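Take a look at the structure set out below.
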Number of protein chains: 2
Amino acid sequence: MFSKSCEYGLRAVLFIAQQSDKGAKVSMTTISEEINSPQAFTAKILQKLTRTDIVKAVKGPHGGFTIEPEMMDTKLSEIVTILDGDSIYKGCALGLKQCDANSPCPLHFKFIEIRDNLQEMLETTSIKSVVNDLSLESIILKR
Amino acid sequence: MFSKSCEYGLRAVLFIAQQSDKGAKVSMTTISEEINSPQAFTAKILQKLTRTDIVKAVKGPHGGFTIEPEMMDTKLSEIVTILDGDSIYKGCALGLKQCDANSPCPLHFKFIEIRDNLQEMLETTSIKSVVNDLSLESIILKR
DNA sequence: TTAATAAAGGATAAAAAGGTCTTTAAATCG
DNA sequence: CGATTTAAAGACCTTTTTATCCTTTATTAA
């Protein structure tokens with residue numbers, strides 16, 4: 001469904017958000033340990049998210065990554081779009097370039113429902129709301 | 001969503017089915033022209049589907065591919081599983097190996113709905129039913 | 001101002017996905 | 001039978017994705 005980049009990116013964001021919520025900054029080493037992802041690769045992914053200001057990076061001793069309170073309202077759809085583009089929402093199930101209500105592929109009307117549900121879910125789910133669920137026990141970001 | 005292999009595979013199957021329905025056998029050259037896909041690559045994909053008996057291949061002059069009447073009831077989910085595996089139905093949105101109702105990732109309960117809808121759609125849609133829709137004008141398999 | 005810390009960035013490598021080409025096998029027809 | 005047609009199979013190549021490593025830059029604290 002999502003690329004590895006997007007999976008790691010979402011996990012990293014949720015972990016950083018959880019820690020930021022507690023007032024803690026987290027280093028790249030901690031992140032990759034806590035979400036069980038390849039460190040250097042995850043660092044590249046976070047660079048994209050810092051350039052787009054979703055995550056804030058601070059260099060030097062006691063530096064690390066945080067997500068500022070106002071960015072906690074960021075929707076998961078934004079993160080997915082940055083990392084995987086919008087083909088998951090807009091692409092045709094059969095890979096046709098011109099597939100819409102006017103000239104639909106044979107799966108168009110069945111598939112569009114699922115795509116729209118996914119889009120709706122990601123567009124209405126904020127980082128903040130997921131972090132609130134994370135505080136409930138038994139929810140995990142590792143393995 | 002689906003891999004290129006799966007996209008080409010589904011389009012090829014639907015085209016073959018449509019032609020078989022009219023009593024026609026189709027060659028690899030015709031298929032790749034009509035669904036606008038790379039021929040040699042599509043041939044590889046169809047080999048997987050002939051080994052699993054969804055498609056029947058006949059060598060030699062006037063040979064080609066057909067789908068026999070009893071295979072027209074094959075569900076799209078079978079084709080997707082053969083070509084892309086079952087991770088699209090079973091995989092975790094965040095890529096966690098152990099993610100289920102007992103130890104869910106933070107998106108588990110939201111995501112499972114979408115995954116299940118997709119699975120349901122593919123498991124209840126047969127080749128035959130799509131071919132019937134294909135006979136309705138304006139439905140396309142190209143471009 | 002220097003040493004330590006931590007992210008950024010570039011170069012490179014490994015693996016997977018996507019795609020091609022050539023040879024082999026099977027079927028048909030003259 | 002032999003020539004021809006068509007799919008199967010295997011070897012190979014290309015591109016993209018995933019991943020690592022190493023150097024540079026920024027920040028901090030002593």
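In what follows, chains are A, B, ... by sequence order, proteins preceding strands, each numbered from 1. Because the structure is predicted, anything quoted here is derived from the model rather than measured.
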Practice prompt. Using the side chain to side chain donor-acceptor pair (under 3.5 Å) rule, collect all pairs that involve residues 89-100 of chain A, keeping only residues at least two apart or in two chains.
Written response: A/Asp86-A/Lys90
Discussion item. Please enumerate all residues that pass side chain to side chain donor-acceptor pair (under 3.5 Å) together with B/Ser32, with sequence neighbours excluded.
Written reply: none
Worksheet, complete the sentence: By side chain to side chain donor-acceptor pair (under 3.5 Å), A/Thr124 pairs with (sequence neighbours left out) none
Worksheet item: If you look only at pairs with a residue in residues 104-115 of chain A, which of them pass as a salt bridge (charged side-chain N to carboxylate O under 4.0 Å, His left out), with sequence neighbours excluded?
Response: none
Collect all protein-nucleotide pairs involving nucleotides 1-3 of chain C in which both atoms are nitrogen or oxygen and the distance is under 3.5 Å.
none

Item to complete: Please report how far the helix from C/dT1-D/dA30 to C/dG30-D/dC1 bends, comparing the axis fitted to its first five pairs with the axis fitted to its last five, to the nearest 10 degrees.
Response: 0°
Fill in: Partner set under side chain to side chain donor-acceptor pair (under 3.5 Å) for A/Thr74, not counting sequence neighbours
none
Worksheet entry | A/Thr50: side chain to side chain donor-acceptor pair (under 3.5 Å) partners, not counting sequence neighbours | none
Worksheet item: Can you pull the salt bridge (charged side-chain N to carboxylate O under 4.0 Å, His left out) pairs that have at least one residue in residues 1-19 of chain B, sequence neighbours excluded?
Response: B/Lys4-B/Glu7
Discussion item. Once salt bridge (charged side-chain N to carboxylate O under 4.0 Å, His left out) is applied, what residue pairs with a partner in residues 63-84 of chain A remain, sequence neighbours excluded?
Written reply: A/Lys56-A/Glu68, A/Asp73-A/Lys128
N/O contacts under 3.5 Å, protein versus nucleotides 7-14 of chain C?
{"unit_1": "C/dA7", "atom_1": "OP1", "unit_2": "A/Met28", "atom_2": "N", "d": "3.0"}
{"unit_1": "C/dA7", "atom_1": "OP2", "unit_2": "A/Met28", "atom_2": "N", "d": "3.4"}
{"unit_1": "C/dG9", "atom_1": "N7", "unit_2": "A/Lys44", "atom_2": "NZ", "d": "3.3"}
{"unit_1": "C/dG10", "atom_1": "N7", "unit_2": "A/Lys44", "atom_2": "NZ", "d": "3.1"}
{"unit_1": "C/dG10", "atom_1": "O6", "unit_2": "A/Lys44", "atom_2": "NZ", "d": "2.6"}

Worksheet entry | Where at least one partner belongs to residues 17-46 of chain A, residue pairs that pass salt bridge (charged side-chain N to carboxylate O under 4.0 Å, His left out), sequence neighbours excluded | none
